[in-house]
Amino acid sequence: MPLKIYNSLTHSPEEFVPIQDGKVSMYTCGPTVYNYAHIGNFRAYIFEDLLRRTLKYCGYSVHQVMNLTDVDDKTIRDSIAAGLSLDTFTAKFKSSFFEDIETLRIEKAEEYPAATDHISEMIALILTLIDKGVGYVGDDKSVYFAINQFPNYGQLANIDLNEQRPGERVQADEYGKESVADFALWKHWNEDDGDVYWESPWGRGRPGWHIECSAMSMKYLGNHFDIHTGGIDNMFPHHEDEIAQSQAATGEKFVNYWLHCGHLIVDGAKMSKSSGNFFTLRDLLDKGYTGREIRWCLLAGHYRQQLNFTFDGLDAARTVLQRIDDFLRRLRELANEPDNGLDRAKSITAASESSFREGLEDDLNISLAIAALFDCMRETNKSIDNREISGDAASCILDYCRSLDVVFGLLDVDGAETAVPREIQDLVDERLAARTARDFARADELRDKIHAAGWRIEDTPKGTRVRI
RNA sequence: GGCGUGGUAGCCAAGUGGUUAGGCAGGGGUCUGCAAAACCUCGGACACCGGUUCGAAUCCGGUCCACGCCUCCA
């Protein structure tokens, strides 16, 4: 079965066919580095991670580029407020972004170009657009893109500009436009920009927002590449403008497949600082949740649906991951025992794998993929309870889980055991002695103490097991 | 006003004409000294009103509700 993905450009599901056999070129809109990224941002990056991992699972090699927007209104505003140079200010948030994606087990892209390192590419692109008559210098010395010169404008967002209500958020520095719908390619310096500016053929200024993605994606991936992604809110105007700029400049098709993920909401409401439901990744880590638990929550819903993030969901994620960990631990223990039940193991993994693959190939239906994992776990546990699986059969299932984790990035198949501290082990030994002496009151008392210290205890036929 | 999503059990979440989605939580059981873990099992569902059909959560029409975008938000 081929991979099917929903293409926002054609508004329909399509079979994915790369430009170059076996290779995928993909551009993903990255963070604006003016603050710690919030979980809504990470929803998008996790969707992109799922896409990347699914493509790899399907056998493609992936070349992914993610931009870092390190110059815009907000980075300038906040760096000035902080009394720092733009570079110093954004450097901090660039590095925190990389820490955060590591926490969330997001695979790294091949390139992370920063806007400020590509000003000359942007200027060159703007010059081309002016040359071709679609870019013009406005009364305010900024450069704008004339959308009436680009007939296909609005295809992605399915927008007819004549039907649009002009927004109320018109920036003071956008008054130089010929038409209200035109957008800035280059913004002429004004005093709010402080010492942030670059020299250009149009005087001091800085790039518009959209031009960085056009310039950098084409530099690293070519004029025409496979996939471009982002949050649904980027569809208009950002991606629409990228298409207009890029195609007007090159005369070639820009991107074959556009994918957009839905928004994240918190407790059923839009996340906003004023509602008190705004969380960065770091806020959640401070509350004691792990990156893996947060990854589960952000990954578990279909990417095109709005995702409702709740603390109940985080708690459920903890339970689920515990269950998965227990399952994998059980298999690791059994792998050292005599071989038994390899055929059974193979039939379990084959059944699970086919629905796992089928789910992912159907526009990244992660719910089916997760259900396939649980089906495998339930069937395997059942067989283990019946003493039908051990040795090479257990290893076979572990290998299978390793293959699923290429996509999930959640299973600690070879998870290291946490060392049990001396004082806890002493209590466990003491309890064991009490049990042997059938002094269950004393044994239970000791178990309570061990629980209170944050450790769990399980009596199995092979002895007592202790863990966090 | 334009464009677009969605409403599935206590909660999360697939499914788009017929055949168990899955998970968390809850009830009952097996196992265990008791637990834990695991397994078995149970209940509980398709926003509302019509229509099409042998059959509708799924298709059609209408209603209600929620949400997103409409110029620098993932």
Side-chain angles (χ1 to χ4, degrees), chain A residues 8 11 28-32 37-48 69 72-74 147 154 157-171 174 177 180-184 187 208-210 229-238 240-241 260-265 268-271 296-297 300-302 304-310 312-313 315-320 322-323 326-327 329-330 355 359 362 365-375 377-378 380-386 435 438-441 443-444 447 451 456-461 464-465 467:
Chain A
S8 304
H11 314 283
T28 49
C29 280
T32 302
H38 59 69
I39 53 173
N41 300 127
F42 286 116
R43 198 269 160 112
Y45 307 141
I46 284 198
F47 144 62
E48 287 150 3
T69 299
D72 82 321
D73 292 349
K74 291 184 296 253
I147 63 163
N158 193 20
I159 276 177
D160 180 349
L161 283 170
N162 300 322
E163 307 268 345
Q164 298 306 299
R165 259 185 204 174
E168 279 148 34
R169 293 184 286 168
V170 176
Q171 301 291 312
E174 289 184 350
K177 299 191 281 191
V180 71
D182 291 352
F183 59 90
K187 301 172 104 164
W209 177 36
H210 319 300
T229 72
I232 192 165
D233 51 341
N234 274 164
M235 206 154 106
F236 190 86
H238 183 52
E240 193 70 56
D241 291 349
H260 294 95
C261 69
H263 263 145
L264 173 138
I265 58 175
K270 185 176 179 175
M271 184 167 72
W296 178 277
C297 288
H302 186 91
R304 283 194 284 121
Q305 300 298 358
Q306 195 172 67
L307 176 72
N308 189 18
F309 187 89
T310 64
D312 283 350
D315 294 336
R318 175 164 294 180
T319 310
V320 163
Q322 183 78 253
R323 190 180 151 202
D326 287 346
F327 172 73
R329 173 197 308 263
R330 202 178 185 198
S355 58
D362 185 12
N365 190 331
I366 191 73
S367 298
L368 290 180
I370 290 172
L373 169 66
F374 282 113
D375 288 345
M377 286 171 56
R378 199 179 47 253
T380 302
N381 274 322
K382 204 185 294 188
S383 292
I384 293 174
D385 281 1
N386 294 335
R435 284 186 77 219
R438 303 194 67 77
D439 181 358
F440 295 120
D444 290 350
R447 181 167 61 197
H451 277 182
R456 287 198 295 153
I457 227 169
E458 289 176 15
D459 297 322
T460 74
T464 297
R465 178 191 290 151
R467 53 220 180 87

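In what follows, chains carry the letters A, B, and so on, assigned in the order in which the sequence lines appear, proteins first and then strands, with residues in each chain numbered from 1.
- Below the 3.5 angstrom threshold, one finds no donor paired with an acceptor across the side chain of Lys74(A) and the base of rC73(B).
- rC67(B) is paired with rG4(B) under the Watson-Crick or G-U wobble criterion, all donor-acceptor distances under 3.5 Å.
- Judged by distance alone, with hydrogens and angles left aside, the side-chain atoms of Asp362(A) form no donor-acceptor pair with the main-chain N or O of Asn365(A) at under 3.5 Å.
- Of all nucleotides listed (rG23(B), rC73(B), rU71(B)), rG23(B) comes nearest to the side chain of Val320(A).
- OP1 or OP2 of rG15(B) sits under 4.0 Å from a side-chain N or O of Asn365(A).
- The nucleotide rG44(B) finds no pairing partner, because no Watson-Crick or G-U wobble arrangement with both distances shorter than 3.5 Å includes it.
- Across the C1' atoms, rA14(B) and rA21(B) are found 6 Å apart, a figure rounded to whole Å.
- A residue-by-residue look at Trp209(A) and Ala157(A) shows that Ala157(A) has its nearest nucleotide of RNA chain B further toward the 5' end.
- Rounded to whole Å, the P atom of rG1(B) lies 26 Å from the corresponding atom of rU8(B).
- Spacing of C1' atoms, rA56(B) relative to rG51(B), comes out at 11 Å, to the nearest Å.
- If you take CD1 on Ile147(A) and CD on Glu240(A), they are separated by 9.0 Å, rounding to the nearest 0.5 Å.
- The same atom, P, is picked in rU41(B) and in rG23(B); the two are 12 Å apart, to the nearest Å.
- With distances taken from any side-chain atom of Leu368(A) to the nucleotides rA14(B), rG23(B), rC39(B), the minimum falls on rA14(B).
- Residue Lys382(A) places at least one side-chain N or O under 4.0 Å from the OP1 or OP2 atom of rC40(B).
- Using a 4.0 Å heavy-atom cutoff across all strands shown, Asn381(A) reaches sugar-phosphate atoms only and no base atom.
- Phe440(A) approaches Arg435(A) most closely through the heavy-atom pair CE2-O, 4.1 Å.
- Between the P atom of rC3(B) and the NE2 atom of His11(A) lies a distance of 13 Å, rounded to the nearest Å.
- With distances taken from any side-chain atom of Asn308(A) to the nucleotides rC12(B), rC72(B), rG23(B), the minimum falls on rC12(B).
- Base-pair partner of rC59(B): rG51(B) (Watson-Crick or G-U wobble, both distances under 3.5 Å).
- Straight-line distance between the C1' atoms of rG50(B) and rC39(B): roughly 47 Å, to the nearest whole Å.
- rC48(B) and rA66(B) have their C1' atoms separated by 15 Å, given to the nearest Å.
- Between Arg318(A) and the phosphate of rC24(B), there is no side-chain N or O to OP1/OP2 separation shorter than 4.0 Å.
- Using a 4.0 Å heavy-atom criterion, one finds that His302(A) contacts the sugar-phosphate atoms exclusively.
- When all heavy atoms of Ala372(A) and Ser355(A) are compared, the pair lying nearest together is CB-OG, 3.4 Å.
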Pairs under 3.5 angstrom, nitrogen or oxygen only, protein versus nucleotides 4-9 of chain B, please.
from   : atom 1 : to        : atom 2 : distance (Å)
rG4(B) : OP1    : Asn158(A) : ND2    : 3.3

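- rU71(B) atom P lies 18 Å from atom CG of Asp72(A), rounded to whole Å.
- Residue Ile265(A) is classed as having no contact, given no heavy-atom separation below 4.0 Å to the nucleic acid.
- With C1' as the reference atom, rG28(B) and rG15(B) are 29 Å apart, rounded to whole Å.
- Between the Arg43(A) side chain and the Gly262(A) main chain, a donor and an acceptor come within less than 3.5 Å of each other.
- The NE2 atom of His263(A) sits 8.5 Å away from atom CE of Met271(A), with the distance rounded to the nearest 0.5 Å.
- Here the OG1-CG distance, from Thr380(A) to Asp375(A), works out to 10.0 Å after rounding to the nearest 0.5 Å.
- When the nucleotides rA21(B), rU71(B), rA38(B) are ranked by their closest atom to the side chain of Arg323(A), rA38(B) comes out on top.
- Between Asp362(A) atom CG and rG22(B) atom P the separation is 18 Å, expressed in whole Å.
- Rounded to a whole angstrom, the distance from the P atom of rG62(B) to that of rG26(B) is 44 Å.
- Gly230(A) comes within contact range of the sugar-phosphate backbone alone, with a heavy-atom separation under 4.0 Å but no base atom that close.
- Between His238(A) and His210(A), the two ring planes are tilted [angle within 30° to 60°].
- In this entry rU16(B) has no Watson-Crick or G-U wobble partner, no candidate having both defining distances under 3.5 Å.
- Partners of Ser8(A) according to the side-chain contact (heavy atoms from CB on, under 4.5 Å) rule, which considers only residues two or more places apart in sequence or in another chain, are Leu156(A), Met235(A), Trp258(A), His260(A).
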TODO: Heavy atoms under 4.0 Å is the rule here; annotate nucleotides 25-36 of chain B 5' to 3' with B where the base is hit, S where only the sugar-phosphate is, and - elsewhere.
DONE: S-------BBBB
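- In this structure, rA37(B) forms no base pair with any nucleotide, since neither Watson-Crick nor G-U wobble geometry is met with both distances under 3.5 Å.
- Using a 4.0 Å heavy-atom criterion, one finds that Ala371(A) contacts the bases of the nucleic acid, with or without backbone contacts as well.
- Pairing for rA21(B) is absent, with no Watson-Crick or G-U wobble pair whose two atom distances lie under 3.5 Å.
- In this structure, His238(A) reaches neither bases nor backbone, as no heavy-atom distance under 4.0 Å exists between it and the strands shown.
- Salt-bridge annotation for Arg330(A) and Asp385(A): present, with a side-chain N of the basic residue lying under 4.0 Å from a carboxylate O of the acidic one.
- OP1 or OP2 of rC69(B) has at least one side-chain nitrogen or oxygen of Lys270(A) nearer than 4.0 Å.
- Of all the heavy atoms in Glu458(A) and Arg456(A), the pair that sits closest is OE2-NH1, 3.9 Å.
- Taking for each of Met377(A) and Gly262(A) the nucleotide of RNA chain B with the nearest heavy atom, the 5'-most of the two is the partner of Met377(A).
- Under the Watson-Crick or G-U wobble criterion, with both distances below 3.5 Å, rC31(B) is left unpaired in every strand shown.
- How far CZ of Arg465(A) is from OG1 of Thr460(A): 5.5 Å, rounded to the nearest 0.5 Å.
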